[in-house]
Structures are given as C-alpha cells and as structure tokens.
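The structure under discussion appears below in the form of structure tokens.
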Amino acid sequence: FDQIVKDIITAGGSTYANPAANYYRISRDPNNLAETTAQLFFGVRMQCAKCHNHPFESITQDDYYSTAAWFARVKSKKDTTVAPKTPQDIGAEIVYSARDGEVTQPRSGKVMAPKFLKGATPTIPAGTDRRSVFADWVTSPENPYFAKSLVNRVWFHLMGRGIVDPVDDFRESNPPSNDELLDALTKEFVAKKYDVRHLIRMVMTSRTYQLSAQPNETNKDDNKYFSRAVTKLLTAEQLLDALCDVTQVPEKFAGLPLGTRAIQLPDGEVNHPFLKTFGQPARELACECERESDSNLAQALQLINGPTINDKLRNANNRISKLLTDKKSEREVLDALYLAALSRTPTDAEGDGDHQLPLNISAAYP
C-alpha cells in the first residue's frame, strides 16, 4: 500500500491518462492539500492550526504551513489533447511541478520551508520535486503516523469501529482504546512491507474478529473495547452488489456496461437512488464521516417496496425463476436461496420443520 500512496502523492501528467493525478483536482491549493493529505494518510485533522496554534493539541500553525509547503509548487493546466465531454465540463488537466512557489505563514510573514510533520526540515536537492521527498518520508517506518493510521482504518472497516475513533482524528485528547493492540498491528504491518492482505488476514483470523455480536452480562454495555462484535450495516455498494448476486440480476448504471458492480463505480456522480439512500458518499471530502452509516426510514422503504429490489424479484431471469424452470423441489430451491444469500442451508425451523417453504414460492412464480 505504500507504493499506492507514493504514486498518489507524486502523481503528475494528464488526469485522463494517469488517474492518480486527479488527487490534485479535488484539493487545488497547498493548504487544502496539506489538510487532505494529513487526514487521509496520517489520520490527523490539521484544520484548526490554519489560523492559530491548537489550544489543546501539539499541532502548531508552523506545522500546518510547513506541511502545505510540500505542495506549493504543484500546478495544473488544461490538457488540450483531450476534448471535454460537454462545453461546461472542465475536461482533463495536466498536473506538474513548477520551478518556484512558496507558502507564507500569515501570522509571522515567514516563508515556510517544507518540513516533516513534527519532525525534521530536510535538505531538498535543486531540481527535485518536493513531493518525491515527502512521499518517501510519508511511507517510511520513520513516519509515526502513516502505518498506524492505515492499520486503524482497516480495523475500522472490518470491526465497525476504530481502535482510535473517529478513524481520522488521532490526537492526544482522543487516545486509542487499546495502545498495545494498535502498536502490535502497526509493527506487523510495517514488517510485512505494508501488505494489506496480510493485515486483513491477521485481523479476520483473530478471536476478537470472530466474537459473537450477541451481548452477555459482562459485555452488554461495552461499545469501545471489542469484547463483542459490532453489528453494522453493509455499505451501500456492498448491499446493492449482494442483491445482484443473490437474485442473479445485474444492475445497469448509466453510461457503464451491464454487470458493472457498484464497488467499481469510478466516482460518486452516479446518481443511483438506492445507493444514495444507503449512504453512498459523493467522495468530495477527506473525512470518513462523509459516508452515512446510520439506518433510517428511507432505507426501510427501499427494502420493502423500492424499485431496485422489486424489479429484481420480478425479473423473469432471476435466480428463483431459473430454479423453478429447472424443476427443482421446494427444498432444493430453499437450500439454493439460503446458500446464495447466507452461505448456509436453512435450519429445520426455517424450513418449517417438514422441508416446506415458509412462503409458497411456486405460487408466486407460476
């Protein structure tokens, strides 16, 4: 994962030919780039230090502007080789590193040299893109923020809550719920050269990940220390893809091939009512909070009578229709549906005890 982050931070060229360069279209000035980069890859929110030293944390105004200085020479211009889709469309741009450009601390008027956050001020050879020096430090074991922040994000997505929560708000007044756990995972992640698959495997094979979500007398009030599993909703994209898999009816997104999965959507501009109802973010902010994760009435209505699910259930080529066309018995139909949806066969109680369907599916699909 360190190489992915390096490619993003040092990205240049056409935003059409090099997708990573689009990082510099969302945040266009050094200040916003400093805030976004710190929040995404360090888990640190620097916004307060833009105007003054943070009253309760160690991040100073000098830290803010010396981080922004890494991006002072990032410029962009229109890519004339790629025609915009519409007259209103900005079109592709070319991101490049200029020869000059500095950041000034507004309170002191001092020109800020690029500096590692809470660290040293390196010597940058003439003609070297500042971002390459910064990217090397960001992804190095000497950076106390990067690996720890990524480990915390992976834990959050697997467990439903970060060891530091919110995941992008590392600060002294928001300590981890378990320092030893976070440190041990970080050490292993760095030792395995930032292998995310190894990290995911390690978490998912742990006893903690495999705990039941059913509370008992000793952990019923625990919402912080992972003594039981946290029940959480699937993300909007996961849920829609799961519905497509279970019903065997792929979704058609405008302008994209049939069968494109929701998790493959290149941006948040696909205005799909099901995805928006279940909290798909516009992907315009660095904050993890942009994705809504709480349930609401609109979601219940989508599941009960929304067009997305009903159209898939009525589709003549869906999974149930195919099973009935193949003359499967009711028990075989039920087993196939449970295996597709839940990865297990139904219990006797769910199968009504005598291998009968709880609903008369055959009547619903004559």
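For the single chain, residues carry numbers from 1 onward in sequence order.
Inter-residue side-chain proximity for Lys193 and Asp2 is flagged as unmet; no heavy-atom pair is nearer than 4.5 Å. Contact annotation: the side chain of Glu172 approaches that of Ser58 to within less than 4.5 Å [non-hydrogen atoms, C-beta and beyond]. A heavy-atom distance below 4.5 Å is not found between the side chains of Gln299 and Glu292. For the pair Gln264 and Glu237, the minimum side-chain heavy-atom distance is 4.5 Å or more. Looking at heavy atoms from C-beta onward, Trp70 lies in side-chain contact with Ile124 at the 4.5 angstrom threshold. Put simply, the side chain of Lys232 does not reach to within 4.5 Å of the side chain of Arg161, judged on heavy atoms.
Distance check: Leu265 CG to Gln280 CD gives 6.5 Å after rounding to the nearest 0.5 Å. With rounding to the nearest 0.5 angstrom, the CZ atom of Phe253 is 5.5 Å from the CG atom of Leu275. Note that the CG atom of Leu211 and the CZ atom of Arg228 stand 10.5 Å from one another [nearest 0.5 Å]. For the atom pair Lys312 NZ and Asn318 CG, the distance stands at 10.0 Å (nearest 0.5 Å). Atom CG in Leu182 sits 5.0 Å away from atom CD1 in Ile163 (nearest 0.5 Å). Rounding to the nearest 0.5 Å places CG of Asp136 at 11.5 Å from CG of Asn143.
In terms of the side-chain hydrogen bond (donor to acceptor under 3.5 Å, both in side chains) criterion, residue partners of Lys220 (sequence neighbours excluded) are, by chain and number, Glu217. Remark: Asn178 pairs with no residue by the side-chain hydrogen bond (donor to acceptor under 3.5 Å, both in side chains) rule, at least two apart or across chains. In this structure, the side-chain hydrogen bond (donor to acceptor under 3.5 Å, both in side chains) partners of Asp335, at least two apart in sequence or on a different chain, are Arg331. Listed by chain and residue number, nothing satisfies the side-chain hydrogen bond (donor to acceptor under 3.5 Å, both in side chains) test with Asn296 (two or more places apart in sequence, or in another chain).
Leu243 and Phe274 get closest at one heavy-atom pair: CD1-CZ, 3.6 Å. Nearest heavy atom pair, residue Gln302 against residue Thr308, reads OE1-OG1, 4.4 Å. Contact between Thr139 and Lys6 at its shortest, heavy atoms only, is OG1-CE, 3.0 Å. The two residues Asp79 and Ser14 have their closest heavy-atom pair at OD2-OG, 2.7 Å. Here the shortest heavy-atom pairing between Thr123 and Pro125 reads O-CD, 3.6 Å. The two residues Ala113 and Ser66 have their closest heavy-atom pair at O-CB, 3.4 Å.
Judged as a salt bridge (Lys or Arg N to Asp or Glu O under 4.0 Å), the pairs with a partner in residues 48-66 (not counting sequence neighbours) are, in order, Asp63-Lys118. Residue pairs meeting the ring-ring contact (aromatic ring centres under 6.0 Å, His included) criterion with at least one member in residues 288-312, sequence neighbours excluded, do not occur. Annotation: disulfide bond (SG atoms under 2.5 Å apart) contacts involving residues 174-257, sequence neighbours excluded, are absent. The stretch residues 258-290 participates, sequence neighbours left out, in these disulfide bond (SG atoms under 2.5 Å apart) pairs: Cys287-Cys289. Judged as a salt bridge (Lys or Arg N to Asp or Glu O under 4.0 Å), not a single pair has a partner in residues 194-205 (not counting sequence neighbours).
Hydrophobic clustering (side-chain heavy atoms under 4.5 Å, transitive across Ile, Leu, Val, Met, Phe, Trp, Tyr) keeps Phe156 apart from Ile263. Phe71 and Ile26 are members of different hydrophobic clusters when ILVMFWY side chains are connected at heavy-atom separations under 4.5 Å. A single hydrophobic cluster is not seen to contain both Ile309 and Leu301; linkage of ILVMFWY side chains at heavy-atom distances under 4.5 Å, directly or through other members, places them apart. Tracing side-chain contacts under 4.5 Å through hydrophobic residues (I, L, V, M, F, W, Y), one reaches Phe42 starting from Leu185; they form part of the same cluster. Linking Ile, Leu, Val, Met, Phe, Trp and Tyr residues whenever their side-chain heavy atoms come within less than 4.5 Å leaves Val246 and Leu313 in two separate clusters.
Between the side chain of Arg73 and the main chain of Arg99, a donor-acceptor pair closer than 3.5 Å is present. Between the side chain of Asn22 and the main chain of Pro19, a donor-acceptor pair closer than 3.5 Å is present. Checking side-chain atoms of Asn174 against main-chain N and O of Asp169 turns up a donor-acceptor pair under 3.5 Å. Side chain of Tyr338 to backbone of Val333: no donor-acceptor contact under 3.5 angstrom is found. Between the Asn310 side chain and the Gly306 main chain, a donor and an acceptor come within less than 3.5 Å of each other.
Under a cut-off of 6.0 angstrom, the local environment of NZ in Lys78 is sparse, with at most 12 non-hydrogen atoms contributed by other residues, nucleotides or ligands. Within 6.0 Å of the CD atom in Glu188, the count of heavy atoms belonging to other residues, nucleotides or ligands exceeds 12. More than 12 heavy atoms of other residues, nucleotides or ligands sit less than 6.0 Å from atom NZ of Lys322.
Looking at Asp129 and Arg131, a side-chain N of the basic residue comes within less than 4.0 Å of a carboxylate O on the acidic one, giving a salt bridge. Lys187 and Glu180 are not joined by a salt bridge, as no carboxylate oxygen comes within less than 4.0 angstrom of a charged side-chain nitrogen.
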Please lay out, stage by stage, how Leu199 and Trp155 fare under the test side chain to side chain contact (heavy atoms under 4.5 Å, CB included). CA-CA 9 Å; Leu199 175 63; Trp155 182 275; over 6 Å; no
Begin from the C-alpha positions of Asp245 and Arg261 and carry the test side chain to side chain contact (heavy atoms under 4.5 Å, CB included) through to its verdict. CA-CA 10 Å; Asp245 289 344; Arg261 297 173 69 82; 3.3 Å; yes
Chi angles and distances behind the side chain to side chain contact (heavy atoms under 4.5 Å, CB included) call for Ser76, Arg28: CA-CA 9 Å; Ser76 63; Arg28 290 182 171 271; 3.8 Å; yes
Verdict with supporting geometry, Leu334 and Glu350, side chain to side chain contact (heavy atoms under 4.5 Å, CB included): CA-CA 10 Å; Leu334 189 62; Glu350 291 166 336; 6.0 Å; no
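Using cut-offs of 30° and 60° for the angle between ring planes, the Tyr194 and Phe189 rings count as perpendicular. Using cut-offs of 30° and 60° for the angle between ring planes, the Phe116 and Trp137 rings count as parallel.
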Identify each donor-acceptor pair in which a side-chain atom of residues 32-41 lies under 3.5 Å from a protein atom, sequence neighbours left out, and give them as a table.
from: Asn32; atom 1: ND2; to: Asp29; atom 2: OD2; distance (Å): 2.8
from: Glu35; atom 1: OE2; to: Tyr64; atom 2: OH; distance (Å): 2.5
from: Thr36; atom 1: OG1; to: Ser27; atom 2: OG; distance (Å): 2.9
from: Thr36; atom 1: OG1; to: Asn32; atom 2: O; distance (Å): 2.9
from: Thr37; atom 1: OG1; to: Tyr23; atom 2: OH; distance (Å): 2.8
from: Thr37; atom 1: OG1; to: Leu33; atom 2: O; distance (Å): 2.7
from: Gln39; atom 1: OE1; to: Gln47; atom 2: NE2; distance (Å): 3.1
from: Gln39; atom 1: NE2; to: Asp168; atom 2: OD2; distance (Å): 3.3

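Grouping Ile, Leu, Val, Met, Phe, Trp and Tyr residues whose side-chain heavy atoms lie under 4.5 Å apart, directly or via other members, leaves Leu233 alone, with no other cluster members. The other members of the hydrophobic cluster of Tyr16, by chain and number, are Val82 (side-chain heavy atoms under 4.5 Å, ILVMFWY only).
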